Structures are given as structure tokens and as C-alpha cells.
Amino acid sequence: MVQPGRFNPFRPNNMVNPGMFVGRVDELQAVDRCLFQAKNGNPQHFLVLGERGIGKSSLLYYVELIASGKIKGFNQVGMRFLTVSIDLGNCPTQFDIIRKIARGLKQAAGEHLIAREAAKALWNWLTNWEVLGVKYQKTSTEMDSEEVMEDLVTRLSAFCSETVGHLDGVLFLIDEADRPHSDAGLGALLKFFTERLARKSCNNVIVGMAGLPSVMTRLRESHESSPRLFHTLPLEPLEVSERKQVVEIGLLNAAEKNHVATRATPEALSFIAELSEGYPHFVQQFAYDAFEQDHDDVIDVEDVGIGAYKEGGALSQLGDKYFAEMYHARIGSEDYRRVLNAMAPYGDGWVSRKDIICESGVSETNVTNALGTLKQKNIIIQDESRRGFYRLPTKSFGAWINAIKAAKQKTEGQSGELFLG
Ligand SMILES: Nc1ncnc2c1ncn2[C@@H]1O[C@H](COP(=O)(O)OP(=O)(O)OP(=O)(O)O)[C@@H](O)[C@H]1O
Ligand SMILES: [Mg+2]
């Protein structure tokens, strides 16, 4: 039973706030170096890469707070960057991307106490351009967007000169960079932008981007050498101790707000860590549902298991949010489930048909049929270069299937409506 009025600290549907941000030490140190370099006139751009839900936006948000000086970075030195945060969802053309950048810049400069005055010329130009931008778009050609970009760079570098001594630089944080189609030319645009800035000796402007791993291909398709502009930061699942730390910090937060401490048994912490396989969105979701499930202020293994496995619980939430297509197709047949179960421990690694037959306990003919259908529905991928090898599209899909198995085992014999994995 959910206890009325009890604050649940976990955030399965939202970026994590800085107080609950855990891990990513290497990545933050790398970003710290990029900022330090930019501050000293040697801009180094960075690109955060990772699966859905691995924590890209949360990391960018944390970086934004460090770069703008709202929280301290590693060396405890307060930074003074003007941070411009945008996301590239819904940007079908290069003009849409430029408009997002321009609007983001205008808003960030307008909200910044010191930058506001120096930004006036930039601001006027952006306002005029926005009016013009509508016209531009109607007759948009590549020439036009380069002209606008050139203009933007000129104003931006004038702005940087004027704010020397007041600002360390300008940091553009671009999320969802995988979203624009390669036709939108993000790679070419960034190449042009950074080269023009360098030519104007405007060396304290940097770009930090985040996107799915496919962003590399998109960038390359748009401009062969554009991926080389970036120092890449691939995000991996959290370490076991970090997974537990996420839950512990959450519970401390909850204790402050609820005036009653809820604790988790060491076994429950380990179970959440195991079920999540280190995916931060999984940790948040399992912890959220375990917290909801608990009603004696001690989260135990049973709370975690039932919270995960019950109908509408963590596993079905994750299924709906991240694996919707796969999730609905796979519960259609027992054979599919067994084939996927056999593949899940390999994550996104290749598995041979032979091993699948052996490990699933499904007959050869039925495995062949299941593999054919799963492939057709894009639930699994077939190796083009070798016959009879298949894999899951992402590691986290494998983690989700493994978690269904593990939670099912722990909740066997429980009454009530359970999630039918
Ligand atoms: N470092 C972290 N510490 C604790 N929780 C985290 C951390 N990073 C991410 N999370 C949690 O994981 C979930 C996913 O995070 P986030 O939205 O940042 O991922 P994402 O990679 O941007 O996802 P998407 O690809 O869907 O945009 C959120 O619930 C967030 O609260
Ligand atoms: Mg995100």
C-alpha cells in the first residue's frame, strides 16, 4: 500500500538533480579539462554518447551548473561561463538548428546579470534575424544558412571580447544531437561554426553535445571530419557501489522531508543494484517502486521484488517507456520469451543460433521461426557478415529481460496481480 503523503525521492522520469547525482567522475574531470582549456584560449569540444536513459541529460545539466558557477567543480574553483542549453528535438532543417542556437543564446544572455549589457548588440541582431529568419526559411538554401552563421559568429566573438574579464567563455550544451536527420547538416554546421570562431580568434567558446551513439554516423554523413571536432565521452552503466549510493542518497533526502527515516536492508540494496545492471534509469525506477511498495519504513528484498514485478510496477514502467515495441511483441509467445531470455545474458553481444537452441530449450524449428519474426520486427539484429548470429539491439534491453527473470524468481508464490514478463 502506498502511504499517503510520503515523499518519494526517486526520479525515474526526470533528470537527476545535483543533490542526487552520483558517479561520472572521469567524465566530469574530462569536462573540467575542456572548460579549463577554453578559459585559457584552447577550446576543446566534447560529446557525451550513450544509450537511452544512461544519464546524458543529467550529466549535461550537472556540467551546466558547474560551468556557470552555481556549483563547484573538481578543483573547487568557481567557473564563469555563459551556458546556453538547447535540445535538438524537432529540428528538421539546418535553419531550425541555427534558430534553436540563436534563441538559446538570446535567452541565456538576457538572463545573465553581467552578460546582459554586453549582449545588447547581439540581442538586437538576434531579434532582427529571428524576424528575418522566417523569411530566410522560406527560401532556405545552404548559402543562406552559412551567411547567418557567419553573422552569428561575428556578433558572438564581439560579445566574447566585450566580456573578457567578466566571463570565462560561452558553453553551448546541445542535447538530443542524434535527433536531426543527417540532411539537416548538423556536422557541417558545427564544423563551419567552430572554424569561423577560430579564424576570428574567438577561442573561449565550446560546444558540449549529447546523443545516442548513432550521432557519430549522423555527424559523419553530414561532414566527414565533424566527429573529430569532439572529445568523446561514452557513458557506461554505474558501478555497484554507485548504484547503492543512488538509493542511499535518495533515502537520506526522503528522511529529511518526511521526518521519518526509511532505510533499505543491505540485501535490498544489492538486489536493486543487481536488477538494474547499473542503468541509472533502472536504479531510479526500481528504487521508486520499492519505496512505494514499502509500508514499514524498511525496504527489504520483497519490497524490491514486488515493486518491480507487480502489474504497473517498475518492470512494466520501463517496458512501456523504453521497450514498448519489443515489450508488446515479446509477450505474444512463450517461444519468443525463451529465445530472448537465452539471448539476454549476452547483452548486445552476438549469440549463435546453436547456442540459442541449446540454452532456450525450444525446438530447432520453433527457434528458427522465432528468430525470423523477432528480426522482422526489429527486436533482434542479424549479423550481416556471418550466418546464424543474432544480438539484442541494446544492452539495457538485455538488462530488462534479465531483471524480469530475477524479479520473477524472487516473487514466486506471491499473491496479487503480477507483471507477465
Ligand atoms: N549520475 C546519476 N545519478 C543518479 N541518477 C541518474 C544519474 N544519471 C541519470 N540518472 C537517472 O537516470 C534516468 C535517466 O537519466 P537521463 O534522462 O539523464 O538519461 P538520458 O541518457 O538523457 O536519457 P534519454 O536518452 O532518454 O534522453 C533519470 O531517472 C535520472 O534521474
Ligand atoms: Mg536525455
Side-chain angles (χ1 to χ4, degrees), residues 10-18 20-35 44-66 73-74 173-178 208-219 227-228 230-250 269-287 314 318 321-323 326 343-351 381 391-403 406:
F10 300 103
R11 297 169 72 90
N13 304 322
N14 246 315
M15 287 187 308
V16 71
N17 58 35
M20 271 178 65
F21 186 92
V22 166
R24 306 305 185 207
V25 175
D26 293 346
E27 290 81 2
L28 285 170
Q29 272 172 345
V31 171
D32 218 55
R33 284 195 292 276
C34 292
L35 292 171
Q44 175 65 67
H45 313 288
F46 57 92
L47 173 57
V48 178
L49 294 168
E51 282 189 48
R52 280 250 155 270
I54 194 80
K56 303 178 291 296
S57 303
S58 298
L59 179 62
L60 282 197
Y61 181 49
Y62 202 77
V63 167
E64 181 189 335
L65 297 178
I66 291 180
F74 275 96
L173 289 166
I174 305 180
D175 203 356
E176 306 273 340
D178 52 281
M209 285 212 307
L212 299 177
S214 60
V215 77
M216 290 302 264
T217 320
R218 290 270 160 97
L219 287 175
R228 294 205 299 270
F230 295 94
H231 176 75
T232 51
L233 299 169
L235 289 190
E236 297 294 334
L238 299 173
E239 305 289 335
V240 172
S241 60
E242 294 169 343
R243 305 169 199 176
K244 293 182 182 175
Q245 210 186 331
V246 172
V247 183
E248 283 168 331
I249 296 180
L269 281 179
S270 298
F271 194 29
I272 292 178
E274 176 203 325
L275 283 178
S276 73
E277 294 192 18
Y279 289 95
H281 54 326
F282 283 30
V283 180
Q284 296 282 350
Q285 188 77 59
F286 287 127
L318 290 168
K321 276 183 259 175
Y322 291 94
F323 314 110
M326 309 167 189
M343 294 175 75
Y346 296 83
D348 64 352
W350 296 110
V351 200
I381 297 168
R391 69 172 178 88
L392 300 179
T394 60
K395 285 191 191 135
S396 60
F397 183 43
W400 180 68
I401 296 169
N402 288 332

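Just so we're clear, the structure is a prediction, and the values are computed from it rather than from any experiment. Sequential numbering from 1 along the given sequence is applied to the chain's residues.
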- How long is the span from the OH atom in Tyr61 to the CG atom in Leu173, to the nearest 0.5 Å? 12.0 Å
- Is the side chain of Arg218 donor-acceptor paired with the backbone N or O of Asp178 at a distance under 3.5 Å, no angle test? yes
- Within-4.5 Å side-chain heavy-atom neighbours: Arg243 and Ile272: no
- Reported CG-to-OG distance for the pair Leu275 and Ser270, which is rounded to 0.5 angstrom: 11.0 Å
- From OG1 (Thr232) to CD (Glu27), nearest 0.5 Å: 11.0 Å
- Pro234: side chain to side chain contact (heavy atoms under 4.5 Å, CB included) partners, not counting sequence neighbours: none
- Message: Main chain of Met20, side chain of Asn17: is a donor-acceptor contact present, judged purely on distance under 3.5 Å?
- Response: yes
- Item | Main-chain N/O of Val16 paired to Arg11 side chain as donor or acceptor, under 3.5 Å | no
- Atom CD in Glu236, atom CG in Leu49: separation rounded to 0.5 Å? 10.5 Å
- Nearest heavy-atom pair of Ala344 and Leu392: which atoms, and what distance? CA-CD1, 3.8 Å
- Message: Using a 6.0 Å cut-off, check whether atom OH of Tyr62 has over 12 heavy atoms from anything other than its own residue.
- Response: yes
- Task: Compare every heavy atom of Phe230 with every heavy atom of Gln44, then report the nearest pair and how far apart it is.
- Result: NE2-C, 4.3 Å
- State, with a plain yes or no, whether a side-chain heavy atom of Val48 is found less than 4.5 Å away from one of Val63. no
- Is a donor on one side and an acceptor on the other found under 3.5 Å between the side chain of Glu51 and the backbone of Lys395? yes
- Query: Heavy-atom distance under 4.5 Å between the side chains of Tyr279 and Ile54, does that happen here?
  - Reply: yes
- Task: Hey, could you give me the CD/CZ distance between Glu242 and Arg24, rounded to the nearest 0.5 Å?
- Result: 7.0 Å
- Task: Identify the heavy atoms of Val240 and Ala273 that sit nearest to each other, and give their distance.
- Result: CG1-CB, 4.3 Å
- Task: Determine the minimum heavy-atom distance between Pro280 and Gly53, stating which atoms define it.
- Result: CG-O, 3.7 Å
- Stepwise side chain to side chain donor-acceptor pair (under 3.5 Å) test for Ser57 and Asp175: CA-CA 7 Å; Ser57 303; Asp175 203 356; 2.5 Å; yes
- Verify side chain to side chain contact (heavy atoms under 4.5 Å, CB included) between Leu219 and Leu47, making sure each step is shown before the conclusion. CA-CA 11 Å; Leu219 287 175; Leu47 173 57; 4.2 Å; yes
- Task: Report yes if some heavy atom in the side chain of Met216 is under 4.5 Å from a heavy atom in the side chain of Pro227; otherwise report no.
- Result: yes
- Query: Under 4.5 Å between any side-chain heavy atoms of Phe286 and Val247, yes or no?
  - Reply: no
- Lys56 (side chain) donor-acceptor with Gly50 (main chain) under 3.5 angstrom: yes
- So do the side chains of Pro393 and Asp348 get within less than 4.5 Å of each other, counting heavy atoms only? no
- Message: Are Ile66 and Leu28 packed together at the side-chain level, in the sense that at least one heavy-atom pair is separated by less than 4.5 angstrom?
- Response: yes
- Atom of Arg391, atom of Gly349 and distance for their closest heavy-atom approach: CB-O, 3.3 Å
- Mind checking whether Phe282 and Phe323 have parallel, tilted or perpendicular rings, split at 30° and 60°? perpendicular
- Gln285 and Lys321, any side-chain heavy atoms less than 4.5 Å apart: yes
- Rounded to the nearest 0.5 angstrom, the NZ-CD distance for Lys244 and Glu239 is 12.5 Å
- Task: Of all the heavy-atom pairs spanning Ala406 and Glu274, show the shortest one and how long it is.
- Result: CB-OE2, 4.0 Å
